[in-house]
Structures are given as structure tokens and as C-alpha cells.
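Per chain, numbering begins at 1; letters A, B, ... match sequence-line order. Source: prediction; values computed, not measured.
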2 protein chains.
Amino acid sequence: MSLAPARPKGPHLNALRAFEAAARLGSFTAAADELAVTPGAVTQHIKSLEAWAEAPLFVRNARGVVLTPLAEELLPGFTSAFDQLGMAVQALRAKAAPRKVKVAALPSIAQLWLPPRLGQLRRAAPEISVSVVAMETPPNLTREPFDLTLFYGADQLGANEMEVARDRIFPVCAPEIAARLTGLADLNKETLLHDGAWAKDWDMWLSAQPDADGIARAGTVHSLFSVALEEARHGGGVLIAHEALVQPLLDNGELVRPFSGSLDLPARLVAKTAPAFARSPIFSVVQDFLLGGAA
Amino acid sequence: MSLAPARPKGPHLNALRAFEAAARLGSFTAAADELAVTPGAVTQHIKSLEAWAEAPLFVRNARGVVLTPLAEELLPGFTSAFDQLGMAVQALRAKAAPRKVKVAALPSIAQLWLPPRLGQLRRAAPEISVSVVAMETPPNLTREPFDLTLFYGADQLGANEMEVARDRIFPVCAPEIAARLTGLADLNKETLLHDGAWAKDWDMWLSAQPDADGIARAGTVHSLFSVALEEARHGGGVLIAHEALVQPLLDNGELVRPFSGSLDLPARLVAKTAPAFARSPIFSVVQDFLLGGAA
DNA sequence: GTTTTAGCCTTAGTTTTTCTAAGGTAAAAT
DNA sequence: ATTTTACCTTAGAAAAACTAAGGCTAAAAC
């Protein structure tokens, strides 16, 4: 009815992205994490979008948010739009810099498992430049700029995923410590090392051993596996280790396995490839040297 | 090869949007116009995206830009992603505020053709609120927040488009001026009024009349048709008018047609509906009262 | 029945992004 | 030769986005 003066603008794109992430994950905090911002930023984006649309999109409860029926209905459209945008961005990255590979991996994998393989790859194909970013949780490959992720996971293998190694745990220690360990009971006299993110490893391994009752399951926690590993190398205790991460040190004798028992966990070390990277000309080279040519 | 410290971020969404618009339109200026910003803003967005991708996307010539093969190849993916995002936003608008209609129209249409019809609609369906935004060029309905556009166009009718009126031009003037006009030659003694955006109207109409040689085709230019119309109503000259815009004033006798000759232009007054609005429950009401129920 | 925890909120203030304004260049058109 | 078109650059201003810190509330844990 009225003659508005200025051309009205659409909502901010960042607000739309925040809405999509928050609605998909059902949590502002989780969305903030995915977008690598603070939750407050997400709150404000959502608020700005709600103001633009003049309609509420979330019902805020003290313990989490719930989508309104409106948001529920609109989510799929936004998700597929941002998925498509993400793929376009991945295509841009893959085609603009086809000799660069970005890998996201668990810190321990980035530090212990990757380096020897990266060396091999560099000797075989020096024109390929690989950058590795360490993080605790796997990035969303349709949204974040990575070509390859390496994380432990127990889920069924999805598209573009392949198993690189099984997740097997067993105790390791320096040879001089192994010399004084004659049975499981001797563990009570040693420091049991483990990684904070894998807090239950000792517990699980001991439960799987016969006659392991009465062994203390506490020990020194390290927030990074590689720090605990360093401690073990220098005779600081017995570490409950993941096979893929300690194999080189077992091979060269710096660490030994004081007990033969090993435990296979349901998880695996899984490599996941971004769709655009799977179509890249350097994909097969990277696959051969980084992932050992496994199918 | 190196362990990067921070999680790398993707490109800015606004930069992607600027790239998509500039690549699709083949011009930074046109993109700036579509996005309602200055060309400098587009320049910087593109530059930031090129820096992120570490690859050029446009070749800048002194007279326009040309897409690089890379940009050419990536464009369709971005266009369809932003189209989908635009549709999701339109759906949000349509469902969050289903009683609100946003119309974009040529200033003259907004001021002269729409008001009586909006009055009718308001009397028939007062719960519907209509807002009208006047602009010179039609907005892109998949990107900008409008439900309906009303512009003159000569192109074939596309999807969601309908013809509201033919574009017919003829001279009009106040009755007292008409009284002293006995033939085309008398036009030489009068001020010929026309709209700046329709500069060739007098020319075209005179060319279509027999025995119109030697009539001066210059006159007073007004940047808005409605200003020229006001001038004509008050006896300020003879206006070359578009039928749809002056019909009410002809009906009530404030203006008359001093000559019988009219010229049908290839253009039409075309109403175009946003896909999401076509599915809205109020669509048929708006269509009936605003567009005269035309199929 | 407290206490803890999780999850979101608000606000103030800062940083980053985005935009505009103004002046400049070069090729094409007149 | 002059004008026009179209993009560029830069400085500075405006707006957006983000962070940090403190607070609230309800479910879960004790």
C-alpha cells in the first residue's frame, strides 16, 4: 500500500548459513562449533534472520532449542542449497590449485601416522604440496575446505570412505621397563599412561585380559597422545597405545610390548575423500602413497 | 607437509555471491547494480575470492572483464547453488509472512496503474498487506525478496509471466489544449512532453502517422512519467502517453486524446510471479484484484 | 533437595568486513 | 579530439560479525 523508498535487501548470507547449521544440528553450540565461532555469534545470526522473516525459527528451552514447524519445513531447502554451494567451492579449490592437498586429521594421527607417509609422497611426487591441519572432530567435507580427513570412527563406511587401519590397542613401554614386568600384577607398580580423549583404553584392555582383577585403572592423563607417547619412550610409564600410532617405534625397538594381549576395538582409522578431490588428477597418487594403495 | 596452526576458513559467502553475479552478467558494474552496491565493492569481493583461491577468475580489460576458463567452468555450479538458496529464502518469506505481498514495479506503474487496483484489493481482502517498491529495472525474482514484478517488456512470455496490458502509445493533453489542435502541424506550436526513459515515443508515434513530416520531435523531457503527466494535466503541453498509465484520467475527462491515431508497441505490461508466491494461498486473490483476473 | 551441568541468553566493546566516495586509466565510440 | 564506458585504486566510514564475560533455567546427578 505504501511506496517504500529503498530497495529491500534479502537476509544476510551468514545468517542463513548459521540457521542451516543450527537447524540441522539442533543446537546453537554445535553450529557454532561447525562454523568455528562462538555460540553468541550464532545466537545473533539467528536473531537477525528471525527479525528479517518476522517469524520465530527456534523455541528456546533452557536445555537446548527446538525447531519451529516453519524451520523444520524450510531446513531441507537450505541444506541442499548450502551443500551445493559447498561443492562449488570445493570445485573451485580443486581446479584453482590442483597440486595442493589439504588434509584434516586427529592431532595424534597428524603427528605420528602421517609424517613417514608424507615423506614418501614428497619423494615420489614433489610437485604436490600437502598441508595438514590437526583437529579433534572431523570437518564436514561438503562445507569446509579439505580434501581428505583421517579420523577414528566406528560407523559403517560411507561413500568416499575407506578403512586405512583397524583400531587395535595394547600396552607399550620402554625396553627397560618391560624388563621388570613379569605379569599383569606388576602394572600396579608402574604409571599407567593414557590419552585424555581415549580415557577408557586401559579399562577396556584390562577387562579383556584374563586374571586382571585388582589392577588399578587410573594413571597419568595426557591431553595429547603424542605427549603420553614421549613419556613412555623415556621410561615414564606404560602407555596403552593404538597400533597405527606406535608401529614405527615398535619397529625400531624404542618401544616394546610387555604383554602379548591386544584388543581390537570396533573403530577403524578411516580416510574420507571430498567428492571434488576424488575426481582430481592427483587423487590416485595421494591415495597410493598416503593410504598405502588400499582399495 | 607443515602443521598449520588454525582451522582454515572457506571464502566469504558475499564474495561468492559477487563472483556469481559478476560472472553471470559478465560485468562488475552490472553485478554491483544487481546486488545494490557500488562497483568498488564488487571489485574487492572478487579480489578477495581470487586471493583465497590463488587463481585469477577474470581478465580485466579496459573495457569490461572476460571470464577465465576456470571461472567459466565453475559458474554453473555457483549459479545453481545461489538459485537454490534464493528459492529457499523466498520460501522462508512466503511461509513466515503469508499475508504480505511485495511488488516491484516501474515508478510510473507504481504511481499510476497500481493504486486503484490496490484499493480494490484492500477492500476485498483487508488482511493482505501489499508493499510496493518502485525501481527502473526488474529485480531477479530468484534472488531478491519480491513476490510480483510489473514491468514493460517485449520478450516472449516466460514461466510465471502474464500479459497485463498491451503497450499502446498516443498523445494526450488537457481539454483546453485539445481545443486549439486541429492537425498534426499544430503540434509545432505546443510543448511536446515525454519521459526520459521513453525518449523515442514521440518519434515512433509521429513516424507511424501519415503526413507527419516536419513536426519537431524535441520537447521537454521529464525523468519521471508521472511528472510529465502532471504537466500535461495542467495544460503544460502534449504528452505522448502509454495507455495503461493514463486510462483513469481519460475516463474522468481530465485528459483527452487530440488525435485518434494510436501506436501499438511490441512491448507489453508483464506481471511476473515468484515461484514460491505462485504456491501461496493468497495468490489467486491477488491475481484477481491486481491483475484483473486475466489468465 | 541441593548441586552440578548443559545450553542458551544478553550486553558491551572490539575486530573484521563491507561499503562508499573520489579520483584515475585506457579503449572504444562519436 | 572528446566523450563515454567500464573497471581500478585508495582512504576512510559504516555496518556486520565476533568475543568475552556474566547470567539464567531446567534437567540430571548426587
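- Look at B:Thr43 and you'll find a side-chain N or O under 4.0 angstrom from OP1 or OP2 of D:dC8.
- Using a distance-only test at 3.5 Å, with no hydrogens or angles considered, no donor-acceptor pair links the side chain of A:Gln90 to the main chain of A:Met87.
- Neither OP1 nor OP2 of D:dC8 sits under 4.0 Å from any side-chain N or O of B:Lys47.
- In this structure, CZ of A:Phe28 is placed 14 Å from C1' of C:dT10, rounded to the nearest angstrom.
- Between the CD1 atom of B:Ile46 and the C1' atom of C:dT18 there is a distance of 14 Å, rounded to whole Å.
- At D:dC7, one or more side-chain N or O atoms of B:Ser27 fall inside 4.0 Å of OP1 or OP2 (strictly under the cut-off).
- Between A:Trp205 and A:Trp202, the ring planes are perpendicular. Angles over 60° get that label, and only those under 30° would be called parallel.
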Taking only N/O atoms, report every protein-nucleotides 18-23 of chain D pair under 3.5 Å with atom names and distance.
{"from": "D:dC18", "atom 1": "OP2", "to": "A:His45", "atom 2": "NE2", "distance (Å)": "2.5"}
{"from": "D:dC18", "atom 1": "N4", "to": "A:Gln44", "atom 2": "NE2", "distance (Å)": "3.4"}
{"from": "D:dT19", "atom 1": "OP2", "to": "A:Thr38", "atom 2": "N", "distance (Å)": "2.5"}
{"from": "D:dT19", "atom 1": "OP2", "to": "A:Thr38", "atom 2": "OG1", "distance (Å)": "2.8"}

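- Between atom CG of residue B:Leu265 and atom CD1 of residue B:Ile169 there is a gap of 4.5 Å, rounded to the nearest 0.5 Å.
- C:dT17 atom P lies 14 Å from atom CG of B:Leu16, rounded to whole Å.
- Atom NZ of B:Lys102 is surrounded by more than 12 heavy atoms from other residues, nucleotides or ligands within 6.0 Å.
- Residues A:Leu13 and A:Asn61 both approach DNA chain D. Their nearest nucleotides, taken by heavy-atom distance, put A:Leu13 toward the 5′ side.
- Screening residues 36-51 of chain A for salt bridge (charged side-chain N to carboxylate O under 4.0 Å, His left out) gives A:Glu50-A:Arg60 as the qualifying pairs, with residues at least two apart or on separate chains.
- B:Tyr152 and B:His242 have tilted rings, their planes meeting at an angle from 30° to 60° on a 0 to 90° scale.
- One can place CG of B:Leu49 at 15 Å from C1' of C:dT18, the figure rounded to the nearest angstrom.
- Between the C1' atom of C:dG7 and the CZ atom of A:Phe58 lies a distance of 14 Å, rounded to the nearest Å.
- Between A:Arg60 and C:dG7 there is no side-chain polar atom (N or O) within less than 4.0 angstrom of OP1 or OP2.
- Note: CD (A:Glu50) to P (C:dC8) measures 13 Å, nearest angstrom.
- Nucleic acid contact class of B:Ser48 (heavy atoms, under 4.0 Å, all strands): none.
- A:Phe28 and A:Phe58 have their aromatic ring centers within a separation under 6.0 angstrom.
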